[in-house]
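First the structure, in the form of structure tokens, and then the observations on it.
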Amino acid sequence: MNLSLSGLYNFYKNEDKRQHINVNLSFQEAADKQGDIIKPGAVSQFYNMSTVYGLLFVPQAIHFTASVNTTYNHVGGKTYWITGPTLGVRAKVFKKTMLTGMSASYNVSYNDGTAENKVLNLRGNVGYIFMKKHNLTLNAVWQRRERLEVPVTTAVTTTFAYAYSF
């Protein structure tokens, strides 16, 4: 069984500023059913909820977001939670030919109530359109991960891309 519900509410809008809130809920249930029999512990339930607040300054083309995401899973008799906030900003610059953005998120995952993982992500991106059909993008992610009984790790990932629109 799958269920999902999404809602977007624009609660302020004028020539200079727009504000909105977006809420998403989803549910999925799966079972290992053989005939009319479901084995004990063979039912899985997945819940996801996210809420996003956005603030757009129209003339400046700057968009701020703040969000919270939570995932709850019940699998094989165990309960897992992942939750955390994200903050972000995007801006169009150079006559709106370049889109820049930065965001930060922090997530904690729990296994049967015990915090097992803590992850901090810092992201940045730049996209540039030139001669109307060419697009260059550069993305970078820095991640810091803490896990139970494992040393703290950090990683950096970068991506550079070119695209041509026909």
Subject >> For V75 against S44, the heavy-atom pair lying closest together >> reply: CG1-OG, 3.8 Å
Subject >> F11, CZ: over 12 other non-hydrogen atoms inside 6.0 angstrom >> reply: yes
**OP:** Please round to the nearest 0.5 Å and tell me the distance separating atom CD of Q19 and atom CG of N14.
**Re:** 9.5 Å
**OP:** Please assess T71 against N73 for the test side chain to side chain contact (heavy atoms under 4.5 Å, CB included), listing each intermediate value before the final yes or no.
**Re:** CA-CA 7 Å; T71 301; N73 301 322; 3.7 Å; yes
Original post:
Can you name the closest pair of heavy atoms from G7 and N22 and give their distance?
Top reply: O-OD1, 2.8 Å
**OP:** Quick one: pull up NZ in K13 and CG in L56 and give me the separation to the nearest 0.5 Å.
**Re:** 10.5 Å
Original post:
Are T153 and R145 linked by a side-chain donor-acceptor pair shorter than 3.5 Å?
Top reply: no
Original post:
Does the ring center of Y164 lie less than 6.0 Å from the ring center of F166?
Top reply: yes
Original post:
Crowded around F94 CZ? As in, over 12 foreign heavy atoms under 6.0 Å?
Top reply: no
Original post:
To the nearest 0.5 Å, what is the distance between CG (N2) and CD (Q28)?
Top reply: 4.5 Å
Original post:
To the nearest 0.5 Å, how far apart are CG in L120 and NZ in K118?
Top reply: 12.0 Å
Original post:
Nearest heavy-atom pair of N125 and M102: which atoms, and what distance?
Top reply: OD1-N, 4.3 Å
Subject >> Hydrophobic cluster identity match, Y12 and L8, side-chain contacts under 4.5 Å >> reply: no
**OP:** List the atom of T137, the atom of G127, and the distance in Å for their closest heavy-atom pair.
**Re:** CG2-CA, 4.1 Å
**OP:** Consider only side-chain heavy atoms of I, L, V, M, F, W and Y, link residues closer than 4.5 Å, and tell whether Y128 and L138 are in one cluster.
**Re:** yes
Original post:
Counting only heavy atoms not in R123, do more than 12 fall under 6.0 Å of its CZ?
Top reply: yes
Subject >> Same apolar cluster: Y72 and F27, side chain cutoff 4.5 Å >> reply: yes
Original post:
Does one hydrophobic cluster hold both I82 and F46, with members joined at side-chain heavy-atom distances below 4.5 Å?
Top reply: no
Subject >> Heavy-atom check, side chain of N48 versus side chain of N24, under 4.5 Å >> reply: no
Original post:
Can you find a heavy atom in the side chain of Y47 that is under 4.5 Å from one in the side chain of L25?
Top reply: no
Original post:
Can you check whether L87 reaches F64 side chain to side chain, under 4.5 Å on heavy atoms?
Top reply: no
Original post:
Can you name the closest pair of heavy atoms from E15 and P59 and give their distance?
Top reply: O-CD, 4.0 Å
**OP:** If the plane angle is over 60° it's perpendicular, under 30° parallel, otherwise tilted; pick one for Y162 and F130.
**Re:** tilted
Subject >> Side-chain heavy atoms of I21 within contact of T51, under 4.5 Å >> reply: yes
Original post:
What distance do E146 atom CD and N117 atom CG have between them, rounded to the nearest 0.5 Å?
Top reply: 9.5 Å
**OP:** Please check if the side chain of N111 supplies one atom and the backbone of T114 the other of a donor-acceptor pair under 3.5 Å.
**Re:** no
Original post:
Are W81 and L148 in one and the same hydrophobic cluster, where Ile, Leu, Val, Met, Phe, Trp and Tyr link if side-chain heavy atoms are under 4.5 Å apart?
Top reply: no
Original post:
Which heavy-atom pair separates V58 from K17 by the least distance, and what is that distance?
Top reply: CG2-N, 4.2 Å
Original post:
Short question: side chain of T100, backbone of A91 - any donor-acceptor pair under 3.5 Å?
Top reply: yes
Original post:
Under the 3.5 angstrom rule, does the side chain of D112 hit a backbone N or O of T79 as a donor-acceptor pair?
Top reply: yes
Original post:
If we ignore angles and hydrogens, is there a donor and acceptor under 3.5 Å between the side chains of S4 and S26?
Top reply: no
**OP:** Enter the distance from L99:CG to H63:NE2 here, rounded to the nearest 0.5 Å.
**Re:** 11.5 Å
